[in-house]
Amino acid sequence: MCMERIFIGVAWPYANGSLHLGTLAGALLPGDIFGRYHRLKGNAVLMVSGSDEHGTPITITAEKKGVTPKEIVDHYHAEHVENIRQLGIKFENFSRTSSEFHKKVVQDFFLRLYENGYIYPKKMLAFFCPNCNRFLPDRYVEGVCPYCGGKARGDQCEECGATLEPEEILEPKCKICGTTPVLKETEHLFFKLSAFEEPLLQWLSSKKFWRDNVLRFTQNFIKKGLKDRPITRDLEWGVEVPIKGYENKRIYVWFDAVIGYLSASMEWAKKIGEPDKWKEWWKGEAKHYYFLAKDNIPFHTIIWPAMLMAHGGLNLPYDVPANEYLTLSGEQFSKSRGIGIWIPDVLKKFDADAIRYYLAINMPEKHDTDWKWDDFVAKNNNELVAIYGNFIHRVLTFIHKNFGKIPSYKEEEKGEKLIEEVHNIIKEIDDAIGKCHFKDGMKKIMKIAQLGNRYLNESEPWKLIKEDREKCASVLHVCARIIKSIAIVSAPYMPNAADKIWKMLGYDDSVHEHGWEEAFDDIEPNQISSPAPLFRKLDLKDIIEDEFSKLDIRIARIVDVQNHPNADRLYVLKVDVGELGQRTIVAGLKEWYNEEDLKGRKIALLANLKPAKLRGITSEGMLLAADDGKRAYLLLPQGKEGSRIFVEGIESNPVEKITYDEFRKIKLVTKDGKAFYRDKPLKDEKGEIRIDGNVKDGCIIR
RNA sequence: AGCGGGGUGGGGUAGUCAGGAAAACCCGUCGGGCUCAUAACCCGAAGAUCCGUGGUUCAAAUCCACGCCCCGCUACCA
């Protein structure tokens with residue numbers, strides 16, 4: 001078989017925070033499975049990625065923390081590198097965009113496009129915040145839509161979807177400081193993306209094998225018309241523009257990041273001492289694959305290919321098998337809403353391969369899939385441990401106890417049939433991974449383990465060992481041979497476990513130095529040492545240990561206030577809880593808040609409290625307030641009604657209904673005029689939750 | 001609003017583009033077997049009007065039309 005060159009580009013994680021499971025499921029893991037598979041197949045793989053370290057969000061994080069952007073990206077880049085190592089993801093080069101090497105490549109690339117006539121200057125209007133003293137990216141401008149009066153963000157209305165020009169937006173506010181920004185003229189360099197509509201469509205016409213969603217999305221996007229994009233920004237943090245007159249500007253982070261694929265390839269070649277070697281992938285015959293989640297599609301199927309066309313002489317993407325999203329119990333990962341599972345946290349608790357298994361078997365290839373803790377535990381325990389791990393463990397312990405080495409094979413009719421069946425499955429796995437059907441491949445590996453278990457049960461070697469030692473040896477030989485196959489075909493999915501199996505089979509090198517075709521070969525009569533279980537069982541109780549996660553605290557808006565007919569001190573409130581609808585609650589606020597104070601106000605509502613009748617009226621939830629023994633103080637959330645109030649780092653996993661007694665054990669207190677759980681502030685999507693009035697520290701919130 | 005994806009037994013998914021014999025797989029439930037193995041393994045059973053309505057067809061989960069519901073994207077956030 002002739003060797004292929006495979007380039008694998010994995011979307012660059014942004015160095016403004018920790019990696020989360022979505023990045024792993026959508027880009028890192030499929031890229032790694034694919035890369036490891038091709039290396040096993042004997043192909044020449046160049047797989048690169050790196051930390052994306054420029055852009056406004058990083059400068060803002062740095063300002064908030066009072067450090068330099070460099071310190072932020074150094075911190076997260078180091079963390080990414082460490083996490084990637086722990087996850088067993090193998091890159092030829094995992095680089096970073098703040099390196100001098102990368103900057104130089106970006107500037108050369110930029111200049112070449114400039115010389116080729118694809119970059120030109122143009123004046124434009126942009127929002128400038130006089131208080132922050134900076135131009136604001138769209139994301140940081142909030143205002144009112146001139147068409148529907150809804151909330152508009154940047155260049156678009158969130159409510160009606162209208163696209164807005166900067167000057168149209170009403171009552172614009174800087175999202176960082178709340179100041180009204182001014183429109184200011186600024187000159188930027190534009191990339192002539194519009195020139196590539198036809199070439200891109202032409203190029204796409206040969207991509208019939210792409211995933212449907214990727215291809216259709218891309219084609220529609222282009223057909224709507226491509227606009228030239230400004231590719232410089234008024235910023236200090238980024239790659240300097242290599243053109244006179246633009247010394248105060250930086251290259252737009254997106255433009256710079258995608259060039260990382262090229263710069264990281266060149267840097268790799270330099271590192272291994274063959275500085276021209278990258279050309280074999282970028283100028284010679286090679287297939288370029290890019291792994292990313294769906295939000296990244298246009299950058300990899302339109303902008304980057306157009307940039308490569310404008311540059312000339314470099315290979316375009318061959319396939320972009322973009323994934324959908326991994327959601328968490330049905331909700332999208334979102335740092336600002338406190339929804340997410342961060343890689344450094346999960347690595348503390350679980351084996352990388354257990355995480356890799358669950359994400360592989362549950363990969364969002366065709367549509368969003370959900371990470372659910374109970375499902376993770378179930379699949380780990382019932383599939384990975386029970387079917388896969390146990391097959392290997394029971395075979396090896398049996399061999400170790402009774403033979404000490406891989407027993408020799410005489411003949412065994414059923415076993416031969418099984419081997420043939422397994423070989424067919426291996427071919428199917430090969431085909432599946434080659435087509436980036438990773439989920440399917442993983443399922444088929446499990447199928448092999450299942451067939452092994454069945455064969456073992458039917459053959460009953462524990463009986464044969466007493467009656468027919470030779471046949472018993474043959475049966476176990478067959479099983480061992482199947483385990484060898486499993487080790488090889490699992491290597492792309494669970495590199496660590498695969499290598500452990502390999503060593504338990506008595507080999508003293510690494511499975512990753514071997515080839516895919518060896519999965520068809522017989523096993524050598526190795527001595528084996530005492531086997532140990534590969535994976536451990538998990539207990540859901542150990543995972544969801546924090547009692548706070550039981551609470552479902554939502555923001556609610558008071559729409560109506562009535563006096564309770566049978567109680568002097570109680571109000572009956574009607575509240576709007578967004579997606580949860582309207583609710584009636586009873587609250588004892590009458591002594592401290594009058595009706596007018598309350599109407600329209602946003603409050604914190606414990607939404608999953610077991611409903612209770614208070615003097616004849618059922619209260620569906622409980623309004624949370626601080627109590628200093630003399631009076632009550634309302635919590636003052638700012639977010640949208642229906643959105644959650646959370647504590648960072650504690651995953652929300654509310655129980656159906658919580659009793660008042662259970663809730664009382666969870667201590668929420670006041671501190672510095674804010675609400676705290678333990679030493680962490682309660683937050684909503686707008687930030688930390690303040691408390692009305694002048695409340696002392698240490699008051700209980702109920 | 002536009003575009004894209006999705007709605008399949010209790011849960012999670014495959015199958016849909018190239019329509020066709022009993023709708024496949026994993027988990028869960030129930031019954032049985034086994035005891036080598038991390039109370040793990042294996043076999044069997046129950047359980048689905050394949051979102052709804054209408055249409056095309058000898059035949060529809062699959063094609064067409066309309067409707068309902070979820071999710072994502074919409075490039076100067078990454």
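So that the names make sense, note that chain A is the first sequence line, chain B the second, and so on, each numbered from 1. The shown structure was predicted, so the numbers you read here are calculated from the model rather than taken from an experiment.
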**Request:** For B:rC30 and B:rC71, measure between their C1' atoms and round to the nearest Å.
**Result:** 36 Å

**Request:** Look at all strands and tell whether A:Leu226 reaches a base, only sugar-phosphate, or nothing, counting heavy atoms closer than 4.0 Å.
**Result:** base

**Message:** If the cut-off is 4.0 Å, is A:Tyr325 near the phosphate of B:rG72, judged by side-chain N/O to OP1 or OP2?
**Reply:** no

**Prompt:** Base, sugar-phosphate, or nothing: which does A:Pro298 touch, judged by heavy atoms less than 4.0 Å apart?
**Reply:** nothing

**Prompt:** Looking only at side chains, do A:Tyr325 and A:Asp295 share a donor and an acceptor under 3.5 Å apart?
**Reply:** yes

**Item:** Complementary nucleotide of B:rG2, counting Watson-Crick and G-U pairs under 3.5 Å
**Value:** B:rC73

**Request:** Heavy atoms only: give me the nearest A:Cys479-A:Leu456 pair and the separation to one decimal.
**Result:** SG-CD1, 3.4 Å

**Request:** Under a 3.5 Å limit for both distances, which nucleotide forms a Watson-Crick or G-U wobble pair with B:rC66, could you say?
**Result:** B:rG52

**Message:** Under a 3.5 Å cut-off for both contacts, is B:rC58 paired Watson-Crick or G-U wobble with anything, and if yes, with which nucleotide?
**Reply:** B:rG20

**Complete:** Under a 3.5 Å limit on both distances, the Watson-Crick or wobble mate of B:rC41 is B:rG33

**Message:** By the 4.0 Å heavy-atom rule, please label A:Pro230 as base, sugar-phosphate, or nothing.
**Reply:** base

**Message:** Just by distance, no angles: are the side chains of A:Tyr246 and A:Glu187 close enough, under 3.5 Å, to form a donor-acceptor pair?
**Reply:** yes

**Message:** Heavy atoms only, 4.0 Å cut-off, all strands: where does A:Gln450 land among base, sugar-phosphate and nothing?
**Reply:** sugar-phosphate

**Item:** Spacing between A:Ile482 atom CD1 and B:rA37 atom P, to the nearest angstrom
**Value:** 20 Å

**Message:** Just to be sure I understand the rule, does A:Val253 reach a base, reach only the sugar-phosphate, or reach nothing, if contact means heavy atoms closer than 4.0 Å?
**Reply:** sugar-phosphate

**Request:** Indicate, with a heavy-atom threshold strictly under 4.0 Å, whether A:Gly225 touches base, sugar-phosphate, or nothing.
**Result:** base

**Request:** Report the nucleotide, chosen from B:rA37, B:rA78, B:rA40, that has the shortest atom-to-atom distance to any side-chain atom of A:Ala386.
**Result:** B:rA40

**Message:** So A:Lys447, base contact, sugar-phosphate only, or nothing? Heavy-atom distance under 4.0 Å.
**Reply:** nothing

**Complete:** A:Leu292 CG to B:rC73 C1', in whole Å, measures 14 Å

**Message:** Once you apply a heavy-atom cut-off of 4.0 Å, does A:Asn382 come out as touching a base, just sugar-phosphate, or nothing?
**Reply:** sugar-phosphate

**Minimum-distance nucleotide (side-chain atoms of A:Trp254 versus B:rC42, B:rA78, B:rC36)** = B:rA78

**Request:** For A:Phe221, report the nucleic acid contact type (base, sugar-phosphate, nothing); a contact means any heavy atom under 4.0 Å.
**Result:** base

**Asked** Ion pair present between A:Glu63 and A:Arg134, side-chain N to carboxylate O less than 4.0 angstrom?
**Response** yes

**Asked** If you measure from the C1' atom in B:rG19 to the same atom in B:rU56, how many Å do you get, rounded?
**Response** 11 Å

**Test salt bridge (Lys or Arg N to Asp or Glu O under 4.0 Å) applied to A:Asp431 and A:Lys444, step by step** = CA-CA 11 Å; A:Asp431 191 51; A:Lys444 290 194 160 110; over 6 Å; no

**Asked** If you look at every strand shown and take non-hydrogen atoms under 4.0 Å, does A:Leu534 touch a base, only sugar-phosphate, or nothing?
**Response** base

**Prompt:** Taking the six-membered ring for Trp, is the centroid-to-centroid distance between A:Phe196 and A:Trp304 below 6.0 Å?
**Reply:** no

**Request:** Assert yes or no for the condition that the ring centre distance of A:Phe438 to A:Tyr493 is strictly below 6.0 Å.
**Result:** no

**Prompt:** Taking 4.0 angstrom as the limit, do A:Glu324 and A:Lys294 come out as a salt bridge?
**Reply:** yes

**Prompt:** Hey, is the side chain of A:Lys537 poking within less than 4.0 Å of OP1 or OP2 on B:rA39, counting only N and O atoms?
**Reply:** no

**Prompt:** Contact class for A:Phe535 vs. all strands (heavy atom < 4.0 Å): base, sugar-phosphate, or nothing?
**Reply:** base

**Prompt:** For A:Tyr14 and A:Leu193, take the nucleotide of RNA chain B holding the closest heavy atom to each; which residue's nucleotide lies nearer the 5' end?
**Reply:** A:Leu193

**Asked** Under 4.0 Å between a side-chain N or O of A:Gln219 and OP1 or OP2 of B:rC3?
**Response** no

**Request:** With sequence neighbours excluded, tell me which residues meet salt bridge (Lys or Arg N to Asp or Glu O under 4.0 Å) with A:Asp234.
**Result:** A:Lys249

**Asked** With distance as the sole criterion, do the side chain of A:Trp12 and the base of B:rA78 form a donor-acceptor contact below 3.5 Å?
**Response** no

**Item:** Atom P, compared across B:rC50 and B:rG4: separation rounded to whole Å
**Value:** 26 Å

**Message:** Can you see if the side chain of A:Tyr455 gets near the phosphate of B:rC42 - specifically, an N or O under 4.0 Å from OP1 or OP2?
**Reply:** no

**Message:** Less than 3.5 Å apart, any donor N or O on the side chain of A:Arg394 or A:Asn453 sitting next to an acceptor on the other?
**Reply:** yes

**Message:** Can you identify which nucleotide, out of B:rC36, B:rC73, B:rA40, has its nearest atom closest to the A:Phe217 side chain?
**Reply:** B:rC73

**Item:** RNA chain B: 5'-proximal contact among A:Asn220 and A:Phe398 (nearest heavy atom)
**Value:** A:Asn220

**Item:** A:Phe299 side chain, from C-beta outward: closest of B:rC76, B:rC42, B:rC41
**Value:** B:rC76

**Item:** Any donor-acceptor N/O pair, A:Asp353 side chain to A:Ala497 backbone, under 3.5 Å
**Value:** yes

**Request:** Could you walk me through whether A:Met504 and A:Ser529 pass the side chain to side chain contact (heavy atoms under 4.5 Å, CB included) test, one step at a time?
**Result:** CA-CA 7 Å; A:Met504 286 199 276; A:Ser529 51; 5.9 Å; no

**Item:** Pairwise P distance for B:rA24 and B:rU16, with rounding to whole Å
**Value:** 15 Å

**Integer angstrom distance from the C1' of B:rC25 to that of B:rA48** = 15 Å

**Request:** When you get a sec, tell me which of B:rC42, B:rC27, B:rA37 is the closest nucleotide to the side chain of A:Glu383?
**Result:** B:rC27

**Request:** Could you please name the option among B:rA37, B:rC26, B:rA75 that lies closest to any side-chain atom of A:Arg229?
**Result:** B:rA75

**Message:** Please report the distance, rounded to the nearest Å, between CZ in A:Arg233 and C1' in B:rA78.
**Reply:** 12 Å

**Request:** Report yes or no: does A:Arg250 contribute a side-chain atom to a donor-acceptor pair with the main-chain N or O of A:Val239 at less than 3.5 Å?
**Result:** no

**Euclidean distance for P, B:rC17 against B:rC3 (whole angstrom)** = 23 Å

**Prompt:** Looking at A:Thr59, A:Val73, A:Asp256, which hits side chain to side chain contact (heavy atoms under 4.5 Å, CB included) with A:His54?
**Reply:** A:Asp256

**Message:** Using atom C1' in both nucleotides, what's the gap between B:rU29 and B:rC68 to the nearest angstrom?
**Reply:** 32 Å

**Message:** Give me the distance, rounded to whole Å, that separates B:rA46 from B:rA22 when you measure between the P atoms they each carry.
**Reply:** 16 Å

**Asked** If you check every side-chain atom of A:Lys439, which of B:rC36, B:rA78, B:rU13 has the closest atom?
**Response** B:rU13

**Prompt:** Quick one: A:Leu456 CG to B:rC43 P, roughly how many Å, whole number?
**Reply:** 13 Å

Can you give me the N/O atom pairs linking the protein to nucleotides 30-34 of chain B at distances under 3.5 Å, or say none if there are none?
residue	atom	partner	partner atom	Å
B:rG33	N2	A:Asn457	ND2	3.2

**Request:** Measure from CG on A:Leu476 to C1' on B:rC41 and round the result to the nearest Å.
**Result:** 15 Å

**Request:** Using a 4.0 Å cut-off on protein heavy atoms (strictly under), produce a 5'-to-3' string for nucleotides 5-12 of chain B with B for base contact, S for backbone-only sugar-phosphate contact, and - for none.
**Result:** S------S

**Message:** Does B:rC43 have OP1 or OP2 under 4.0 Å away from a side-chain N or O of A:Arg454?
**Reply:** yes

